[in-house]
Amino acid sequence: MPGVKGEFPVAMEDTNALIEQRRAKLASLREKGIDPFRNKFTPTETCLAARENYQEGRVVHLAGRVTAHRDMGKSMFMDIRDQSGRVQVYAQKNVLGDEQFELFKHLDLADFLGVTGTLFTTKTGEISVKIESFVILAKALRPPPAKWHGLEDTETRYRQRYLDLIANPEVSEVFLKRSAIVREIRAFLEHRGYVEVETPMMQAIPGGAAARPFKTHHNALGCDLYLRIALELSLKRLLVGGMDRVFEIGRNFRNEGLSRRHNPEFTMLEAYQAYGDYESMMDLVQGLVCHVAESVLDTLVIEHKDAEGKGVRTIDLNPPWRRVTYKELVREKAGADWFELGPGQRRQKAIELGAEIGEAYEDFEVTQAVFEKLIEPTLINPTFVTHAPKELIPLAKTSPEDPDCVEVFECCINGQEIAPGYTEQNDPLEQRERLEHQAGGEQQKLDEDFLVALEHGMPPAGGIGLGVDRLCMMLLGQDSIRDVILFPQLRPKAG
RNA sequence: GGGUUGGUAGCUCAAUGGUAGAGCAUCGGCCUUUUAAGCCGGUGGUUCUGGGUUCGAGUCCCAGCCAACCCA
């Protein structure tokens, strides 16, 4: 690869004694006519399966990464590990012969090894494989992180996640569970007749949320495009098209700050149901999250622990989840007379309560600041906060009971918004007005094609969005979104 | 963008302004049922980068880079 050296000058030049030693071992193997990078080796089973299907003397072919070795002189124990787990292998000089045994002794931690041998049980009772022959499948030219302490350095853990996965089994576990969570989301929705679709990530007009988009350029079309910030407007077009139950699990991109809770690209589930409304969508979210928790974690009670393993908080997902209006909740925390106060008094009281209020905040934003700063973080057990002020959400239908509010909910769990849902706006004229109002004087472009679609008629429908990363954080007890995203965004390191 | 903390061997971490260390890994020796194997001996450092103060800087000061956390 001729380009590599220029692109990764640091990696190519960076070396140390350990790397030199491994390169020397590689050269020495090649001199002996051994290629330690095999095209193929087919194990008969996984390391775990070999142990589970124990039968003394049974012949197995196993493959895995060398994770430990215990040199006994004329014999040697080694641990090899694949995704299923580890198994101990045992090599003896009189079985392998001098030359092969010498090769075996000089294997390095992190090398990939294929072995053929028979199952047996050691004195201490461990099921192991007595090696008859072995083959080096891939030589590791760099040392792995320490076996005992694991890998602690957050920067290395995120930049070189593969090392994190090798060194920290609990990290690996988190990502296997994340995969299971996504699988169970699909299973739940498909079981209820939802059709999974894929819609464009590159859009001429990024809509469906208020967020700064990433911009890119299409050369052949000669136009700028944006990475989507939400799935909503595409999926609603499908409701217009007669797909009555649709969902998409996909990446959204928002060109905003990074934090413990924000990654520039994140995974969103959105689902829409014709003839549903915000209430049926609350049932859906509750059912979905409970199904996922039960099938992946086998419990509805989630314990979050700190680094020392002490319980920090407990989240009880047992249904039914509390449903409370936005106004009720604000009255609970900010005073029963909150909505009877004048705007000036509200502002004053919000500041007294400890919310930070920007000078330009409109009245509804003052209340929203109180909600976000003082109320949301206290909602640990699942709570559906319904009937938000209509200024906050332009894509939902007005509530018949309270014309200042829209038929929406925000499902808060673990002190975070996890899933909003609405009775979707299907009146094209009302929708246009609300979007124009939201755009304000900013000349934000309206998605005219979306409005045309609504004019063709969209059935009454309920919709939800669900932040998959945040759901994973909540279910898996992770405090940082970076710990549920395999490759979180970091500043690129200068070569 | 602002604040706080941190960056030392491959990894995890020490080191009053005074010769940069330990454990593991690694290399060599002994050991044919060990498992964080054990015993003996060795190798390994641009202390993130660049300036400054000082007789002397890993340590103090300034600037920068990267990260984590908090705030906006």
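Letters go in sequence order (proteins before strands), and every chain restarts at 1.
Defined by atom type and a distance below 3.5 Å, a donor-acceptor pair is missing between the side-chain atoms of A:H61 and A:T44. With hydrogens and angles left out, the side-chain atoms of A:Q203 and A:R228 include no donor and acceptor closer than 3.5 Å. Side-chain contact of A:E303 with A:T314: a donor-acceptor pair under 3.5 Å is present, judged by distance alone. Donor-acceptor pairing under 3.5 Å is lacking for the side chains of A:N255 and A:Y226. Between the side chains of A:N414 and A:R470, not a single donor N or O lies within less than 3.5 Å of an accepting N or O. No hydrogens or angles considered: nothing links the side chains of A:Q489 and A:Y158 as a donor-acceptor pair under 3.5 Å. In summary, the side chains of A:T367 and A:W338 do present a donor paired with an acceptor at a separation below 3.5 Å, with no hydrogens or angles considered.
Side-chain to base pairing of A:E126 with B:U34: no donor and acceptor N or O lie closer than 3.5 Å to each other. You won't find any donor-acceptor pair under 3.5 Å spanning the side chain of A:T124 and the base of B:U33, going by distance alone. Counting atom types as modelled, A:N94 pairs a side-chain N or O with a base atom of B:U32 as donor and acceptor under 3.5 Å.
In this structure, the side chains of A:V289 and A:W321 come closer than 4.5 Å at one or more pairs of heavy atoms. Using a 4.5 Å heavy-atom threshold, the side chains of A:I315 and A:N381 count as touching.
Using the Watson-Crick or G-U wobble rule with both distances under 3.5 Å, B:A72 pairs with nothing in any strand shown. Look at B:G17: it lacks any Watson-Crick or wobble partner with both distances under 3.5 angstrom. When Watson-Crick and G-U wobble pairs are counted only if both distances are under 3.5 Å, B:U43 pairs with no nucleotide at all. With a cut-off of 3.5 Å on both Watson-Crick or G-U wobble distances, the partner of B:A67 is given as B:U5. Nucleotide B:A22 forms a Watson-Crick or G-U wobble pair with B:U12, both donor-acceptor distances falling under 3.5 Å.
To the nearest angstrom, P of B:G7 lies 14 Å from CD of A:E152. Here B:U34 presents its P atom at 17 Å from CD1 of A:I127, a figure rounded to the nearest Å. Here B:U34 presents its C1' atom at 11 Å from CE of A:M76, a figure rounded to the nearest Å. Residue A:I19 contributes atom CD1, which lies 13 Å from atom C1' of B:G44 at whole-angstrom precision. Rounded to whole angstrom, the span from the CG atom of A:N16 across to the P atom of B:G44 amounts to 13 Å. Atom CZ in A:R157 sits about 14 Å away from atom C1' in B:U12, given to the nearest Å. When rounded to the nearest whole Å, the span between CG of A:D164 and C1' of B:C11 equals 13 Å. Computed from coordinates, the A:F77 CZ to B:C31 P distance equals 16 Å when rounded to whole Å.
Taking atom C1' on both B:C39 and B:G64, the two are 49 Å apart, rounded to the nearest angstrom. For the C1' atoms, the distance from B:C48 to B:C65 is 8 Å, rounded to whole Å. B:C24 and B:A9 are spaced 12 Å apart, taking the C1' atom of each and rounding to whole Å. Across the P atoms, B:U43 and B:G23 are found 14 Å apart, a figure rounded to whole Å. Using P as the reference atom, B:A36 and B:U26 are 16 Å apart when rounded to the nearest Å. When the C1' atom is compared between B:G38 and B:C31, the two are found 9 Å apart, to the nearest whole Å. Taking atom P in both B:G58 and B:U46, one finds a spacing of 13 Å when rounded to whole Å. The P atoms of B:U59 and B:G6 are separated by 13 Å, rounded to the nearest whole Å.
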Nucleic acid footprint by protein, nucleotides 67-72 of chain B - heavy-atom cut-off 4.0 Å, B for base, S for sugar-phosphate alone: SSSS-S

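Place A:G73 and A:G125 on RNA chain B by their nearest nucleotides, and A:G73 ends up nearer the 5' end. Looking at which nucleotide of RNA chain B each of A:Y90 and A:T156 is closest to, the 5′-most match is held by A:T156.
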Would you tabulate the nitrogen or oxygen pairs shorter than 3.5 Å linking the protein to nucleotides 20-28 of chain B?
residue : atom : partner : partner atom : Å
B:U26   : OP1  : A:H69   : NE2          : 2.9
B:U26   : O2'  : A:Q21   : OE1          : 2.1
B:U26   : O2'  : A:Q21   : NE2          : 3.1
B:C27   : OP1  : A:K25   : NZ           : 2.5

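Note on ring orientation: taking the six-membered ring where Trp is involved, the planes of A:F214 and A:F253 are perpendicular (angle over 60°, cut-offs 30° and 60°). The aromatic rings of A:F134 and A:F104 stand perpendicular to each other, their planes meeting at an angle above 60°, with 30° marking the opposite boundary.
Taking only side-chain nitrogens and oxygens, A:R70 comes nearer than 4.0 Å to OP1 or OP2 of B:A37. Phosphate contact (OP1/OP2 of B:U32, side-chain N/O of A:K93, threshold under 4.0 Å): absent.
For the salt bridge (Lys or Arg N to Asp or Glu O under 4.0 Å) criterion with A:D469, the lone passing option out of A:R482, A:R261, A:R178, A:R260 is A:R178.
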